[in-house]
Amino acid sequence: EELGVCRGKLVVNDSKSTNTSSTLAALRTYYPRRIALILCGDDKGLELSHFVNLVHRYAELVVVWGGIEERFSECWEEAGLPLHRLRRVL
C-alpha cells in the first residue's frame with residue numbers, strides 16, 4: 001500500500017505481507033526507485049540474511065516492528081547495513 005511521499009521518498013506499507021516472497025515481488029515493482037518500506041509481522045523462523053540484502057537493494061529506509069523486528073534487525077546489522085531503531089528516534 002502506497003502511503004504517499006515524504007521528503008522525496010515514496011513510503012510503502014508492506015506490513016500485511018504474509019511471506020518474504022510476496023514482499024520481494026512487491027519491491028521489484030518499484031525498481032529502480034528506492035523506497036521507504038514499512039514491514040511488520042511474526043517471526044516464522046525463516047532464513048533472513050538473503051532477504052535482508054534484497055530489501056536493502058530496493059528500499060533506502062526500512063521501518064520494522066512486531067515479532068520479526070529483533071531478528072530482522074540483527075540480520076540487518078550483521079550484513080553491515082545502517083540501522084536506525086524507531087524507539088531510539090522517538
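Small disclaimer: the values here were computed from a predicted structure and weren't measured. All values below come from the heavy atoms of this structure, side chains included, with hydrogens, waters and symmetry mates left out.
The NZ atom of K16 sits 8.0 Å away from atom SG of C40, with the distance rounded to the nearest 0.5 Å. Rounding to the nearest 0.5 angstrom, the gap separating the CG atom in D43 from the CD atom in E69 is 11.5 Å. From R71, atom CZ reaches atom CH2 of W76 across 15.0 Å, with rounding to the nearest 0.5 Å. One finds the CZ atom of R34 at 10.5 Å from the CZ atom of R57 (value rounded to the nearest 0.5 Å).
Put simply, the side chain of N13 does not reach to within 4.5 Å of the side chain of L37, judged on heavy atoms. Residues S73 and V64 meet the side-chain proximity criterion, which asks for heavy atoms closer than 4.5 Å.
Residues meeting the side chain to side chain contact (heavy atoms under 4.5 Å, CB included) test with T23, sequence neighbours left out: D14, S17, L27, L39, F51. Residues forming a side chain to side chain contact (heavy atoms under 4.5 Å, CB included) with R33 (at least two apart in sequence, or on another chain): V5, L10.
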Salt bridge (Lys or Arg N to Asp or Glu O under 4.0 Å) assessment of K9 paired with E60: CA-CA 9 Å; K9 287 290 167 202; E60 186 169 322; 2.8 Å; yes
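Here the side chain of D42 pairs no donor or acceptor atom with the backbone of K44 at under 3.5 angstrom.
With I38 as the partner, the side-chain contact (heavy atoms from CB on, under 4.5 Å) test is satisfied by one option alone out of V12, L61, V62, L3: L3.
Nearest heavy atom pair, residue F72 against residue V55, reads CZ-CG1, 4.5 Å.
A continuous path of ILVMFWY side-chain contacts below 4.5 Å connects L81 to L54, so both sit in one hydrophobic cluster. Residues W65 and L46 do not share a hydrophobic cluster, clusters being chains of Ile/Leu/Val/Met/Phe/Trp/Tyr side chains in contact below 4.5 Å.
In this structure, Y58 has its ring center no closer than 6.0 Å to that of Y30.
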